[in-house]
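Structure first, commentary second.
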Amino acid sequence: MREITLSKAVNEAIAEEMRRDETVFLLGEDVAEAGTPFKVLSGLVEEFGTGRIIDTPISEPGFMGMAVGAAMTGSRPIVDLMFGDFIFLIMDQLCNQAAKTHYMSGGKLSVPLVLRTNMGATRRSAAQHSQSLHALVAHIPGLKVAMPSSAYEAKGLMKTAIRDNNPVVIFEDKLMYQDKAPVPEEEYLIPFGVANVKREGSDITLIGTSSMVQVAEKAAEILAKEGISAEVIDPRTIVPLDEAALIESVRKTSRAIVIDEGHQSYGVTGEIASRLNEKAFYHLDAPVLRMGAMDVPVPFSPALEDLTVPTPEGVAAAARKLCAGEMIHAA
Amino acid sequence: MREITLSKAVNEAIAEEMRRDETVFLLGEDVAEAGTPFKVLSGLVEEFGTGRIIDTPISEPGFMGMAVGAAMTGSRPIVDLMFGDFIFLIMDQLCNQAAKTHYMSGGKLSVPLVLRTNMGATRRSAAQHSQSLHALVAHIPGLKVAMPSSAYEAKGLMKTAIRDNNPVVIFEDKLMYQDKAPVPEEEYLIPFGVANVKREGSDITLIGTSSMVQVAEKAAEILAKEGISAEVIDPRTIVPLDEAALIESVRKTSRAIVIDEGHQSYGVTGEIASRLNEKAFYHLDAPVLRMGAMDVPVPFSPALEDLTVPTPEGVAAAARKLCAGEMIHAA
Amino acid sequence: MAAKAAKPKTNSEDYLRMYRQMVRIRAFEDNANQLYLSAKMPGLTHMYSGQEAVAVGICEALTASDKITSTHRGHGHCVAKGAEFREMFCELLGKEEGYCRGKGGSMHIADQSNGNLGANAIVGGSMGIATGAALTAKLQKTGDVTVCFFGDGATAQGLWYEVMNMAALMQLPVIYACENNGYSEYTKTAEIAAGSLPARAEAFGIESFTVDGQDVLAVNDLTQKLVARARKGEGPFFIELMTYRYHGHHVGDINREYYRAKDEEAQWKTERDPIVNFGKWLESEGLASSDELKSVQDEVHADAEAAVKYALEAKYPDGSEVDMHVYAA
Amino acid sequence: MAAKAAKPKTNSEDYLRMYRQMVRIRAFEDNANQLYLSAKMPGLTHMYSGQEAVAVGICEALTASDKITSTHRGHGHCVAKGAEFREMFCELLGKEEGYCRGKGGSMHIADQSNGNLGANAIVGGSMGIATGAALTAKLQKTGDVTVCFFGDGATAQGLWYEVMNMAALMQLPVIYACENNGYSEYTKTAEIAAGSLPARAEAFGIESFTVDGQDVLAVNDLTQKLVARARKGEGPFFIELMTYRYHGHHVGDINREYYRAKDEEAQWKTERDPIVNFGKWLESEGLASSDELKSVQDEVHADAEAAVKYALEAKYPDGSEVDMHVYAA
Ligand SMILES: Cc1ncc(C[n+]2csc(CCOP(=O)(O)OP(=O)(O)O)c2C)c(N)n1
Ligand SMILES: Cc1ncc(C[n+]2csc(CCOP(=O)(O)OP(=O)(O)O)c2C)c(N)n1
Ligand SMILES: [Mg+2]
Ligand SMILES: [Mg+2]
């Protein structure tokens, strides 16, 4: 199968859906001629014109709000938010408006829009351009949250998102835009709420989101050499969450680590870990461990930044201890 | 000891600190003559004047940003945010600016401010005036988060917050403003990160935040009649979190329920439950259960709204099952 | 662009409909207030009484497929855009037959069938929504115009400036209608708004107008012209409508002399009432007799009472609805 | 109010210092660019080159305790407000001796000792901060003035309108200084800004000025006057400074002909360079010889090189610092 970059995969998904459905349009800063700073959207304006690939001023709350109104009236906007960190600017329109409109109207109005943005540290971009803020959005009922872990997922989830009748937030890892993966030429969609077992194993389950799937896979390789068989699972969407698949895996392996690049406290790892604890309790040989990003603003200095995110070695070390029956904490 | 309302307790705390420290001022909408819609601040403008009790236009991001700048230059602002739901409007200034300034400046700048706002449903105020959004703030490093459970805590935590050199967010339960509790005449402060055992017990630990402490206490009374001895703990601040106290209790009782009025998914209950699971795993006789608000926008209709939040009866029922060894889920 | 135009409101039938619509709003509010005072209504609500000429003058210049966005003080917009009493009272009481199945209540009442995209409990929160609705109209060439209602207090929200800039750049068919009732909660507008409101819109190259919001014909005339121009792609526009709210900020805001003098209230009510004055004009022009007007009022009052009665007896949504409509299928 | 006034800049010593400060900014940026191109600098950065007269003209009208807030394109403001090369380069390289111990980097460089409250990576993100600093000045009667630097693109952020309104109502000693360099990333200002920028400030009753941002004396003259007035409580003010950035939006923005013609760049560089033109003026007025100017340049270049060398060899913060400074004691 051909291999394409995650960036290209996103571009293809949007182009295909825009061809298929005239009501789809995209708006954001420097999305047209510039094709975004990451060049993910290059070429779209040439095909679809500035009427459907719309450059906006630096007005995130404003164009997010416009997308909500457009979505309520028969359009299917894709909002391009240049950095995930800017989500703080649009929280009201996203969480008070988009997320709640369908419910508040008793099902009469709906808001089919996609917010595509990014996440991921270690790009030396410092505290306001490096955050992974998906947990915040996942906490708000009415929003769906997708976290593609490769070009394949990026394309399939984006297409599903565009066809979904709800506000969907997609977090792309900005360090993965150039990563290639096999992506079929033929059309495919990836349903929401269906986890993907990336690697089968029997001793421990490693649940990773976004780029942490790669971290988990690398950790699994390290562990395999030591005779520890790790299963790696990618939930693909955290809302809806394929709880059943995760529980099934953990019931089999009896141990689990949840790995996510958001801050650890009050984030994604706590939710997944506590669901596993709650629903697979009697199958667990050890507590479910969590590995999120450190609870610190992302530092600029490379000497510090690299310490803040989970690494394959760190995950392997934790897995090793869990499998040896040693507890991280004297639990 | 005299009993005063939570509203009065907050008012006293602010007045005392404003008398003590000239750099403290307060700003927000209709805080002066009107004393806020909940009348919590009545009388302050008479004592401190409109120079220190400052009415603003309806510009939440703007006055939050101003508070950050004022705090960076030697003032100690208290920001009054009329409804907790409006926190979505100020997330950038709170989370990208206030929370990160101290860290990003390598410790050179600091942002001593208090954001006082509220939470709590069942007031028939519908989806945009009923949210309990403390989990979002707790996820962001650099912010502290206090959740007073009575007038006593409201006063002591507010005073500590005003003296703290960091941005502190205090969520008051708007349904508790008229609730009275004993509050000493003498000055006292409640340190952050110190949980309070509201009721001792041996069979199960009920951890509640804000008004859920009352819910837990009522559940404990129901359970006591049935011979089940429940310990009730109030963390008082969720950042910093007195993990040690919670763990100690759970090691003793072997069972726990975490009760919080924020949405359950990706919220506070997951964090606390997974810490307990991780660090008290071998002491647990049953999985730690979580009871948050339902993952739905808060509905207006009384017939629906009351179903969305944890109740004493619901907590007692869950506790009963846990203690009987019955799992909620076939874990 | 689909050919569309509201019928010009130049004959007595149209005038009488405007009169009736204003009376309907007033009657709706009087009943809602009564429901609140008698503790039959959950939560609280913000009365539109006094501002009727704004909602009616504007909405009578719109077609059913034109859109509006509304505010926390939204009953008037909802009635004026064509909603029925029954579904509205049911909504205010949290009943299943309400426009939003009781899930929205007063502050989120919407009536999508008549193009009302909903009230909003976030001040200024619908400014982006209105502008986006106009963007759909432009992209899909529907010919629809959107009116964004908001209060003077809402002009303090930065969102407005962001969307005005974009609406101006994209020449969107949206009309920003600021109902300046002199107060933002318990504060006089003058104390929270520096400079001039129309100048703020003009700074973005948006044509701006100020009109007497108590004069339904003046409002309607201006709006008809602007709607026609907006349909031709000459938008956006800004209108400041000078008006007054008769009640407190919300139904519970009773003792309000500390921020607003009783005399001031009395003066607006006796001298500037939009319904009374329009009624007088209809009579003086010989377009309606006082009996005719009286019978309009009686009919409307009877309708309102019947709707209230119906709503009080209607059933609440079933508990199983609580987690329905979180996500659309 | 504490009596404060920047010395009027009317003698050759002051002129030469302004010249030197502009040369220092240019030298800093040339070295920073080189560090980036040679892959010695982590992350990316935005060059201030071309806009030197703005930062210098303004900051020379301020005292050390006056405050500024800066932007993603913030090195110029930092130098102009009094910062040292060493600590700045150390910060850009993520070293412990940087102004922020390496935690902030280019986009968050701050120098609190000279009243620089910091660069900001959120466009417009510091508008509230600047206004709040001015509020402290007013409440505590410090006599300080705050200058809020931001770009033309930042005028699209709603926050600006919110704080202008409040600054105007409270008469705060803040000057909003918009560096209009014609571009917002890869987009011409004209395409993203409707109407007129000064009119937007004026609509809030704020006195507004437009000045040639390539003319350091014009900028300085105007700023001196406004700072003096702001200290007397006559603020806030708005200044639009017409200027140009020589490099791409950020150091990596090399192929930019699709949005900006090479001719245009060449013209600004050859005809409107603020340093060259000011140097010529100094010579023509007999205030400095070309040798004197050359020696200023040489000194500054040597300083910059030494600082770069120092910073390259300086040590990174210890790993244990990673969770320090999350909370203040
Ligand atoms: C973002 C936000 N801030 C504050 C409030 C509380 N609030 C509700 S209505 C109101 C006053 C609005 O004034 P105006 O826009 O003039 O409308 P009016 O009530 O006069 O119709 C305020 C402050 C809110 N609902 N939303
Ligand atoms: C809120 C926000 N939106 C978008 C960006 C990305 N961004 C960084 S600089 C910039 C352009 C800013 O233009 P302008 O204000 O004119 O400043 P200039 O770069 O010209 O100095 C953009 C869009 C950002 N950093 N913050
Ligand atoms: Mg008003
Ligand atoms: Mg610019």
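On a predicted model such as this, the values are computed, not experimentally measured, just so you know. Quick note: numbers below take in every heavy atom, side chains included, and nothing from hydrogens, waters or symmetry partners. In what follows, chains carry the letters A, B, and so on, assigned in the order in which the sequence lines appear, proteins first and then strands, with residues in each chain numbered from 1.
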>> Give me the atom names and distance for the closest heavy-atom approach of A:Tyr266 to B:Glu271.
In response: N-OE1, 2.8 Å
>> Is A:Val268 in contact with chain B via its backbone, its side chain, both, or neither, using a 4.5 Å heavy-atom distance?
In response: both
>> Sort by residue number and list every residue of residues 238-246 of chain B having at least one heavy atom under 4.5 Å from chain A.
In response: B:Ile238, B:Val239, B:Leu241
> Do you see a donor-acceptor pair shorter than 3.5 Å between the side chains of A:Asp260 and A:Thr209?
Replying inline: yes
> Going through the distances and angles, do B:Ile204 and B:Ile257 end up as a side chain to side chain contact (heavy atoms under 4.5 Å, CB included)?
Replying inline: CA-CA 8 Å; B:Ile204 185 165; B:Ile257 304 179; 4.0 Å; yes
> Of the non-hydrogen atoms in A:His139 and B:Gly262, which two are nearest, and what is the gap between them?
Replying inline: CE1-C, 4.4 Å
>> As an exercise: rank A:Arg290, A:Met104, A:Met294 by heavy-atom pairs under 4.5 Å with chain B and give me the winner.
In response: A:Arg290
> Is there a side chain to side chain contact (heavy atoms under 4.5 Å, CB included) between A:Thr122 and A:Asp306 once you walk through the steps?
Replying inline: CA-CA 6 Å; A:Thr122 70; A:Asp306 290 340; 3.7 Å; yes
> Where is the tightest heavy-atom contact between B:Asp285 and A:Tyr282, given as atom of each residue plus distance?
Replying inline: O-OH, 3.1 Å
>> Less than 4.5 Å to any heavy atom of chain B: does that hold for the side chain of A:Pro299, its backbone, both, or neither?
In response: both
>> Can you tell me how far apart CD1 (A:Ile247) and NE2 (A:His283) are? Round to the nearest 0.5 Å.
In response: 9.5 Å
>> Tell me which of these, A:Lys100, A:Arg275, A:Gln131, A:Gln264, has more heavy-atom pairs under 4.5 Å with chain B than the rest.
In response: A:Lys100
> Of the non-hydrogen atoms in A:Gly208 and A:Pro235, which two are nearest, and what is the gap between them?
Replying inline: O-CD, 3.1 Å
> For A:Val298 and A:Glu305, what are the C-alpha separation, side-chain angles and deciding distance, and is it a side chain to side chain contact (heavy atoms under 4.5 Å, CB included)?
Replying inline: CA-CA 6 Å; A:Val298 180; A:Glu305 189 181 23; 3.4 Å; yes
> Looking at A:Gln128, A:His129, A:Arg123, which one forms a side-chain hydrogen bond (donor to acceptor under 3.5 Å, both in side chains) with A:Ser125?
Replying inline: A:Arg123
> Looking at B:Pro61, B:Ala138, B:Ala273, which one has more heavy-atom pairs under 4.5 Å with chain A than the rest?
Replying inline: B:Ala138
> Within residues 86-95 of chain A, which positions have a heavy-atom distance to chain B below 4.5 Å?
Replying inline: A:Phe88, A:Leu89, A:Met91, A:Asp92, A:Cys95
> Is it the backbone or the side chain of B:Leu276 that comes under 4.5 Å from a heavy atom of chain A, or both, or neither?
Replying inline: neither
> Closest heavy-atom contact between A:Glu278 and B:Leu289?
Replying inline: CG-CD2, 3.7 Å
> Looking at B:Gly270 and A:Ser274, what are the two nearest heavy atoms and their distance?
Replying inline: CA-OG, 3.4 Å
>> Quick one about A:Ser265 and A:Asp295 (side-chain donor to acceptor, distance below 3.5 Å, no hydrogens or angles considered), yes or no?
In response: yes
> Among B:Asn96, B:Val296, B:Val258, who wins on heavy-atom pairs under 4.5 Å with chain A?
Replying inline: B:Asn96
